[in-house]
Amino acid sequence: CLGMVAEQAIEYSAYGVLLERSGNRGPRACPQAVFECKSGFDIALSIDTDSQWQALVAALGIDALGNQAYGKFAGRKDAENLIEEVLAEYFKEQESDTVLAQLRAVKVPVSPLINARSLAHHPRLHERNFYTRLEHPVVGPLNYPNMAFRMDGEYIDIRTPAPTLGQHNSEVLNELGYS
């Protein structure tokens, strides 16, 4: 959990700044948003530097993004809503694969959004032995995802499947001295 809340905890404890919900927007990137493409697939875009912004504008050729004020982070941040609206309209008419290739070619940080359900079948995860196959007492054999990191080159062993409701009640109650 610390990996997901570290920034909020540090900002508050170090600077007294309470970070609040901001959707997909970030404090140091602009634009930073998710956009739907023509094919129905979403892409995530996060512009961290002015040079990335210049590459995005040059690659897409959208006149409305050519405002000189947008060349600097502060100018983009001031016009964040407008910039996102313009980009949303543009991406809605584009195929995600085309846009991804186009922006990656000029080193713009962009990525497809992948539904977590489709990850279970991703060949790269299977090549890396990311899943441990265990027998669940109710649904049978299942692939359980390992931790997102390795220790000494190995995933931490997952030894048992997820428990069923009340499966360990007797063991826990016995340890506490109950029959």
Side-chain angles (χ1 to χ4, degrees), residues 1-37 39-53 55-56 73 77 91 96-97 99-179:
C1 290
L2 187 57
M4 292 185 281
V5 298
E7 185 176 11
Q8 290 84 351
I10 291 168
E11 284 290 324
Y12 188 75
S13 62
Y15 309 110
V17 174
L18 179 62
L19 296 180
E20 302 202 8
R21 293 179 182 173
S22 59
N24 290 312
R25 292 179 174 176
R28 292 171 199 73
C30 184
Q32 179 172 291
V34 173
F35 299 99
E36 185 176 340
C37 289
S39 55
F41 292 102
D42 294 345
I43 62 166
L45 177 73
S46 181
I47 302 298
D48 290 325
T49 66
D50 295 340
S51 61
Q52 290 172 350
W53 172 256
L56 173 77
F73 174 78
K77 202 66 173 164
F91 288 128
S96 60
D97 289 345
V99 170
L100 289 167
Q102 181 182 20
L103 295 179
R104 285 176 174 162
V106 294
K107 307 231 184 301
V108 170
V110 63
S111 177
L113 259 59
I114 300 172
N115 187 308
R117 290 180 297 223
S118 65
L119 282 178
H121 306 292
H122 197 284
R124 179 89 170 127
L125 295 175
H126 289 280
E127 289 167 16
R128 295 179 58 108
N129 297 315
F130 181 69
Y131 295 101
T132 298
R133 192 149 185 90
L134 298 171
E135 186 74 25
H136 189 274
V138 176
V139 295
L142 286 176
N143 285 334
Y144 285 84
N146 287 300
M147 297 290 175
F149 56 87
R150 297 179 189 199
M151 296 185 72
D152 294 326
E154 299 294 326
Y155 288 113
I156 297 170
D157 283 341
I158 296 177
R159 297 182 185 120
T160 61
T164 59
L165 183 62
Q167 179 179 349
H168 299 108
N169 283 3
S170 294
E171 295 167 52
V172 172
L173 291 170
N174 287 337
E175 283 181 29
L176 295 173
Y178 297 98
S179 62

Per-pair distances, 0.1 Å, donor-acceptor, side chain in residues 157-174, under 3.5 Å, sequence neighbours excluded:
{"from": "Thr164", "atom 1": "OG1", "to": "Gln167", "atom 2": "OE1", "distance (Å)": "3.4"}
{"from": "Gln167", "atom 1": "OE1", "to": "Thr164", "atom 2": "N", "distance (Å)": "2.8"}
{"from": "Asn174", "atom 1": "ND2", "to": "Ser170", "atom 2": "O", "distance (Å)": "3.1"}

Check the pair Phe149 / Ile156 against side chain to side chain contact (heavy atoms under 4.5 Å, CB included), numbers first and verdict last.
CA-CA 8 Å; Phe149 56 87; Ile156 297 170; 3.9 Å; yes
Could you grab the distance from atom CG of Asp42 to atom SG of Cys37, nearest 0.5 Å is fine?
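That separation rounds to 7.5 Å.
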Which heavy atom of [X] sits nearest a heavy atom of [Y], and at what distance?
X      : Y      : value
Gly26  : Lys77  : O-NZ, 3.0 Å
Arg133 : Pro141 : NH2-CB, 3.6 Å
Cys30  : Phe73  : CB-CE1, 3.7 Å
Phe41  : Ser96  : CB-OG, 3.7 Å

Side-chain donor-acceptor contacts of residues 103-112 below 3.5 Å, not counting sequence neighbours, with atom names and distances?
none

Determine yes or no for a side-chain-to-main-chain donor-acceptor pair under 3.5 angstrom, with Gln32 supplying the side chain and Asn24 the backbone.
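Judged by distance alone, yes, a pair lies under 3.5 Å.
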Backbone N/O of Phe130 and side chain of Asn146: donor-acceptor pair under 3.5 Å
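Side chain of Asn146 to backbone of Phe130, a donor-acceptor pair under 3.5 Å: yes, one is there.
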Are the side chains of Phe91 and Leu45 in touch, meaning some heavy atoms are under 4.5 Å apart?
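Touching, per the 4.5 Å side-chain cut-off.
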Quick check: do Val138 and His136 have side-chain heavy atoms less than 4.5 Å from each other?
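Sidechains of His136 and Val138: in contact.
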For Tyr131, what residues pass the ring pair (Phe, Tyr, Trp, His ring centres under 6.0 Å) criterion, not counting sequence neighbours?
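For Tyr131, the residues satisfying ring pair (Phe, Tyr, Trp, His ring centres under 6.0 Å) (neighbours in sequence not counted) are His126.
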Does OH belonging to Tyr12 count more than 12 external heavy atoms closer than 6.0 Å?
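No, because the 6.0 Å sphere around OH of Tyr12 holds 12 heavy atoms or fewer from other groups.
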